[in-house]
Amino acid sequence: MQNFVRESHVPKTSKIRIYADVDLSVDSVAELNAEQSHYLLTVMRLQSGDKLLVFNNRDGEFDCTLTPKNKKSALLKINSKTRDFECVPDIWLMFAPLKKDRTDFVVEKATELGASRIVPVITRFTISDKIKIERWQAQTIEAAEQSRRVDLPLISEPIALNKLLTNWDSNRQLYFMDETGAGTDIASTFATSQAPAAILVGPEGGFSEEELVLLRSKSYAHSVSLGKRILRAETAVVAALSCFQAICGDWKKE
Ligand code: SAH
């Protein structure tokens, strides 16, 4: 029987890349906290002299050398800057939280797809597990590490839809994904759009009639269609953010 495991073709794992809330500047030394030291020394089994990439959501990304201080604590010697700090386009993802695993998926994908802020919005038909902001934060860090972002999305406290709209800054256009099909198609919509902007996706039960009336009454809010098929909320999130980045966000090359 043919052996399909071709070890020589297995790609080398890339350099470990972590987020750390420490000041990073070339030729200085930073001390990692106990949790991160444990991860690098015990879980990843890095050793003295091993290289890794570190970003801190403000100074950029740096090539560092690990220097264990003792068994429980690690120091980073900062060798060189590998990337300048940059922010993703100012596009917010606002969505009605879903069941735990689907919400996890949304938070991860929104980070990969370059949302600048993630806002849990409570709507009439929102049925969600308890919202744990700390868990969401940990997920954004993991997704940013993996996707090579040098910034992290902000996570807002949960907010009711009508309160969100009452305090809305009308310089930011709001695109709500409208499953009724009444909206403009997304390609035409984003052709004339730019950041700052926000995408809103409803819960599995959809928006209520009153919510649609309220949204449609706002001059800054635009009803958008994602085609004839009804998508699951998490699919709508990925589709809408992808269209934004492709048409008017940072997937577009200058
Ligand atoms: N229960 C609703 C569907 C809700 S889908 C129904 O059967 O009609 C969950 C959310 O995904 C919606 O609130 C909307 O924001 C988005 N969505 C799903 N399909 C969409 C489409 N074709 N166009 C625009 N938004 C869509």
Side-chain angles (χ1 to χ4, degrees), residues 89-131 136 139 153 155-168 170 172-249 251:
D90 189 3
I91 173 79
W92 293 2
L93 172 70
M94 313 196 297
F95 77 109
L98 308 158
K99 291 272 172 209
K100 192 159 128 259
D101 55 337
R102 293 183 185 275
T103 296
D104 289 353
F105 178 88
V106 167
V107 172
E108 181 182 280
K109 298 309 155 203
T111 308
E112 283 175 51
L113 291 168
S116 61
R117 181 187 284 264
I118 301 175
V119 187
V121 180
I122 311 304
T123 64
R124 167 114 188 263
F125 299 134
T126 301
I127 306 169
S128 76
D129 294 332
K130 201 167 176 303
I131 298 164
W136 290 27
Q139 284 162 337
I155 298 187
S156 299
E157 289 293 326
I159 183 163
L161 179 62
N162 52 7
K163 202 164 164 206
L164 177 78
L165 298 183
T166 306
N167 300 317
W168 193 259
S170 57
R172 182 181 298 276
Q173 299 302 299
L174 189 166
Y175 300 98
F176 65 98
M177 300 304 124
D178 182 349
E179 70 271 15
T180 66
T184 309
D185 72 84
I186 196 157
S188 310
T189 305
F190 286 159
T192 56
S193 162
Q194 59 182 32
I199 286 169
L200 172 65
V201 172
E204 280 312 325
F207 291 112
S208 72
E209 213 28 66
E210 298 75 42
E211 287 168 341
L212 288 172
V213 169
L214 179 66
L215 282 161
R216 288 182 185 135
S217 72
K218 307 290 183 191
S219 58
Y220 55 77
H222 310 273
S223 161
V224 179
S225 165
L226 288 167
K228 285 184 270 188
R229 291 174 294 278
I230 297 294
L231 309 176
R232 297 197 77 126
E234 67 272 27
T235 315
V237 166
V238 172
L241 273 172
S242 302
C243 288
F244 183 88
Q245 296 297 24
I247 298 167
C248 55
W251 287 2

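Every number for a ligand or one of its atoms is a count from 1 in the order of the listing.
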Legend entry - Interfacing atoms of ligand 1 (cut-off 4.0 Å, heavy-atom, A236): 11 (O), 16 (C), 17 (N)

Legend entry - ligand 1 contacted by A96 (non-hydrogen, < 4.0 Å): no

Inset, instruction - Give a yes/no verdict on whether any heavy atom in V237 is under 4.0 Å from an atom of ligand 1. - result: no

Legend entry - For atom 22 (N) of ligand 1, closest protein heavy-atom neighbour: R229 O, 2.8 Å

Inset, instruction - Compute the centroid of each ring, for F95 and then for W136, and state whether the two points are separated by less than 6.0 Å. - result: yes

Inset, instruction - Would you please say whether a donor-acceptor pair under 3.5 Å links the side chains of Y175 and S193? - result: yes

Inset, instruction - Write out the residue and atom name of the closest protein heavy atom to atom 14 (C) of ligand 1, then the distance separating them to 0.1 Å. - result: M177 O, 3.1 Å

Legend entry - Selection from I199, L226, T235 by shortest heavy-atom distance to atom 21 (C) of ligand 1: L226

Inset, instruction - On the 0 to 90° scale, with breaks at 30° and 60°, tag the W168-Y220 ring pair as parallel, tilted or perpendicular. - result: parallel

Legend entry - Which of the ligand 1 atoms, numbered from 1, are nearer than 4.0 Å to a heavy atom of V224: 24 (C)

Legend entry - P97 and I131, any side-chain heavy atoms less than 4.5 Å apart: yes

Inset, instruction - For atom 7 (O) of ligand 1, find the nearest protein heavy atom and state the residue, atom name and distance (0.1 Å precision). - result: I230 CG2, 4.4 Å

Inset, instruction - Indicate yes or no: does an N/O atom of R232 lie under 3.5 Å from an N/O atom of ligand 1? - result: no

Legend entry - Pairwise side-chain contact, K109 with V237, heavy-atom cut-off 4.5 Å (strictly under): no

Legend entry - Side-chain touch F176/H222, heavy atoms, less than 4.5 angstrom: no

Legend entry - Polar proximity ligand 1 side, A233 side, N/O cut 3.5 Å exclusive: no

Inset, instruction - Assess whether salt bridge (charged side-chain N to carboxylate O under 4.0 Å, His left out) is satisfied between E210 and R124, documenting all intermediate values. - result: CA-CA 9 Å; E210 298 75 42; R124 167 114 188 263; 3.5 Å; yes

Legend entry - Taking atom 8 (O) of ligand 1 as the reference point, the nearest protein heavy atom with its distance: E179 CG, 3.7 Å

Legend entry - atom 1 (N) of ligand 1 - nearest protein heavy atom and its distance: E204 O, 2.7 Å

Legend entry - Sub-4.0 Å atoms of ligand 1 with respect to non-hydrogen atoms of G205: 1 (N)

Legend entry - Protein residue, atom and distance nearest to atom 10 (C) of ligand 1, heavy-atom basis: G202 O, 3.5 Å

Inset, instruction - May I ask you to check if ligand 1 and G227 share an N or O to N or O distance below 3.5 Å? - result: yes

Legend entry - Within 6.0 Å of CD1 in I127, more than 12 heavy atoms from elsewhere: no

Inset, instruction - Taking atom types as modelled, find out whether R117 and S156 have a side-chain donor-acceptor pair closer than 3.5 angstrom. - result: yes

Inset, instruction - Can you establish whether the number of heavy atoms outside K163 located under 6.0 Å from its atom NZ is more than 12? - result: no

Legend entry - ligand 1 contact on D178 by region, counting heavy-atom pairs under 4.0 Å: backbone

Inset, instruction - For G206, counting its heavy atoms only, list the atoms of ligand 1 lying under 4.0 Å from any of them. - result: 1 (N), 4 (C), 13 (O)

Legend entry - ligand 1 to L200 polar contact by distance, N or O atoms, under 3.5 Å: no

Inset, instruction - Could you list which atoms of ligand 1 come closer than 4.0 Å to a heavy atom of F207? - result: 13 (O), 15 (O)

Inset, instruction - Consider only side-chain N and O atoms of S116 and D90, and report whether a donor and an acceptor are under 3.5 Å apart. - result: yes

Inset, instruction - I would like to know whether I159 and I122 meet side chain to side chain contact (heavy atoms under 4.5 Å, CB included); could you show each step before the answer? - result: CA-CA 6 Å; I159 183 163; I122 311 304; over 6 Å; no

Inset, instruction - Assess whether side chain to side chain contact (heavy atoms under 4.5 Å, CB included) is satisfied between L215 and D178, documenting all intermediate values. - result: CA-CA 10 Å; L215 282 161; D178 182 349; over 6 Å; no

Inset, instruction - List the closest protein heavy-atom neighbour of atom 9 (C) of ligand 1: residue, atom name, distance to the nearest 0.1 Å. - result: P203 O, 3.1 Å

Legend entry - atom 19 (N) of ligand 1 [closest protein heavy-atom partner, distance rounded to 0.1 Å]: L231 N, 2.9 Å

